[in-house]
Asker: 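Below: one structure in structure tokens.
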Amino acid sequence: MTRVLLIHDTYLLRMALAVLIGREPDLEVSSASWHGALSTSRALRPDVYVVDMDSPHAGGECGIGELGNRCRNGGEPGALLALATAGQPGPLRRAYEMGALGYLSKNASPDRLVEGIRHVAKGERYIDESLGFGFLQAAEIPLTRRELSVLSLAAEGASVGEIARSLHLSNGTVRNYMAAITRKTGARNRVDAIRISRGAGWL
């Protein structure tokens with residue numbers, strides 16, 4: 001039996017996906033929001049994490065970075081399967097840098113999702129062909145993973161202090177990141193940097 005933890009912030013969608021996946025006799029499925037992901041993973045010790053990369057919380061303190069660290073360091077068993085939107089290279093890049101083994105488009109069929117889960121559970125890489133161009137775009141993003149995390153939280157309206165607490169940084173470090181983001185994107189200010197990044201699909 002393969003234990004699967006589905007992480008998605010939209011309750012209705014994650015429950016619907018959990019029901020679909022749970023129909024497979026070899027898959028045992030649980031679900032959680034990003035805020036509850038770490039505590040749920042400690043209790044369940046899943047073999048596969050199916051994670052929604054489009055949530056701004058995916059880059060926060062309870063996000064994919066922490067899950068990736070657990071998977072790599074042996075603190076929790078499990079492989080990462082990232083759900084992503086074609087044309088949004090930023091979330092793809094964050095998932096790749098955190099060691100995700102599988103990448104699936106949100107437009108894929110439930111059968112493809114089940115197939116992806118089974119592949120990554122065996123330690124095999126699984127990449128949806130529709131995300132190929134997104135990976136090419138991701139390689140051209142001028143922002144680092146940490147800068148993308150900072151900007152993603154800023155785009156949701158988080159203050160400097162809130163970003164600092166979420167990512168365990170000082171306020172000054174967050175301001176330095178925002179200055180670097182503004183410079184790298186050629187923006188006039190924080191709001192302009194968010195606009196440019198969203199237009200390019202980095203957020």
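The figures that follow rest on heavy atoms only: side chains count, while hydrogens, waters and symmetry mates do not.
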Asker: Please report the interatomic distance CG(L5) to CG(L44), rounded to the nearest 0.5 Å.
Answerer: 6.0 Å

Asker: Taking all heavy atoms of E147 and all of A180, pick out the closest pair and write down the distance.
Answerer: OE2-CB, 3.6 Å

Asker: Looking at CE of M53 and CG of L83, how far apart are the two atoms once the value is rounded to the nearest 0.5 Å?
Answerer: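 Output value for this atom pair is 10.0 Å.
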
Asker: Could you pull out the closest heavy-atom pair between R93 and I141, with the gap in Å?
Answerer: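 In this case the closest contact between R93 and I141 is NH1-O, 2.6 Å.
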
Asker: Which is it for R14 and S33 under the side-chain contact (heavy atoms from CB on, under 4.5 Å) test, yes or no, and what are the steps along the way?
Answerer: CA-CA 8 Å; R14 76 170 182 260; S33 67; 3.8 Å; yes

Asker: Are the side chains of S197 and T185 in contact, using a 4.5 Å heavy-atom criterion?
Answerer: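 Heavy-atom side-chain distance check passes, below 4.5 Å.
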
Asker: Run L151 and W202 through side-chain contact (heavy atoms from CB on, under 4.5 Å) and show every step you take.
Answerer: CA-CA 10 Å; L151 190 60; W202 301 343; 5.7 Å; no

Asker: Quick check against the 3.5 Å criterion: does W34 have a side-chain atom that pairs as donor or acceptor with the backbone of D52?
Answerer: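 The answer is yes, because a donor-acceptor pair under 3.5 Å joins these two groups.
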
Asker: Rounded at 0.5 Å granularity, tell me how far OG1 in T2 sits from CD1 in I117.
Answerer: 9.0 Å

Asker: Supply the atom-to-atom distance L153 CG to L148 CG, rounded to the nearest 0.5 angstrom.
Answerer: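 Taking CG in L153 and CG in L148, the distance rounds to 11.0 Å.
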
Asker: Tell me whether I196 shares a hydrophobic cluster with L143, the cluster being built from Ile, Leu, Val, Met, Phe, Trp, Tyr side chains joined at under 4.5 Å.
Answerer: no

Asker: Between S105 and D128, is there a side-chain donor-acceptor contact under 3.5 Å, judged purely by atom types and distance?
Answerer: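 No, because no side-chain N or O of D128 sits under 3.5 Å from a partner of the opposite role on S105.
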
Asker: Walk me through whether R145 and Y96 qualify under side chain to side chain donor-acceptor pair (under 3.5 Å).
Answerer: CA-CA 10 Å; R145 174 180 59 83; Y96 177 78; over 6 Å; no

Asker: Test your reading of the model: is there a side-chain donor-acceptor pair from S41 to the backbone of L38, 3.5 Å cut-off?
Answerer: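 Yes.
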
Asker: Taking all non-hydrogen atoms of both residues into account, name the closest pair between K106 and T85 and its distance.
Answerer: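 Scanning both residues completely, I find the closest heavy atoms to be CD-OG1, 3.8 Å.
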
Asker: If you compare all heavy atoms of L81 against all heavy atoms of Y103, which two are closest, and at what distance to 0.1 Å?
Answerer: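 Nearest heavy atoms, L81 then Y103: CD1-N, 3.7 Å.
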
Asker: With side chains defined as the heavy atoms from C-beta onward, is the minimum distance between H8 and S31 less than 4.5 Å?
Answerer: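 Not in contact.
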
Asker: At what distance, to the nearest 0.5 angstrom, does CG of L104 lie from OG of S130?
Answerer: 7.5 Å

Asker: Hey, does the side chain of T40 reach the backbone of A37 with a donor-acceptor pair shorter than 3.5 angstrom?
Answerer: no

Asker: Side chains of Y177 and L169, heavy atoms from C-beta outward: is any pair under 4.5 Å?
Answerer: yes

Asker: Would you compute the distance between atom CG of N171 and atom CG of N176 and round it to the nearest 0.5 angstrom?
Answerer: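 That separation rounds to 11.0 Å.
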
Asker: Which atom pair, heavy atoms only, marks the closest approach of G201 to P89?
Answerer: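 The answer is O-CD, 2.8 Å.
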
Asker: So V160 and M178, side-chain contact (heavy atoms from CB on, under 4.5 Å) or not? Walk me through it.
Answerer: CA-CA 9 Å; V160 168; M178 287 305 307; 5.6 Å; no

Asker: So, the side chain of R94 versus the backbone of S149: is there a donor-acceptor pair under 3.5 Å, distance only?
Answerer: no

Asker: For R125, does the CZ atom have more than 12 heavy-atom neighbours from other residues, nucleotides or ligands under 6.0 Å away?
Answerer: yes

Asker: Does any part of the side chain of Q88, heavy atoms only, come nearer than 4.5 Å to the side chain of L92, both counted from C-beta?
Answerer: no

Asker: Could you check R112 against E115 for side-chain contact (heavy atoms from CB on, under 4.5 Å), going step by step and ending with a plain yes or no?
Answerer: CA-CA 5 Å; R112 293 294 302 279; E115 181 180 289; 3.9 Å; yes

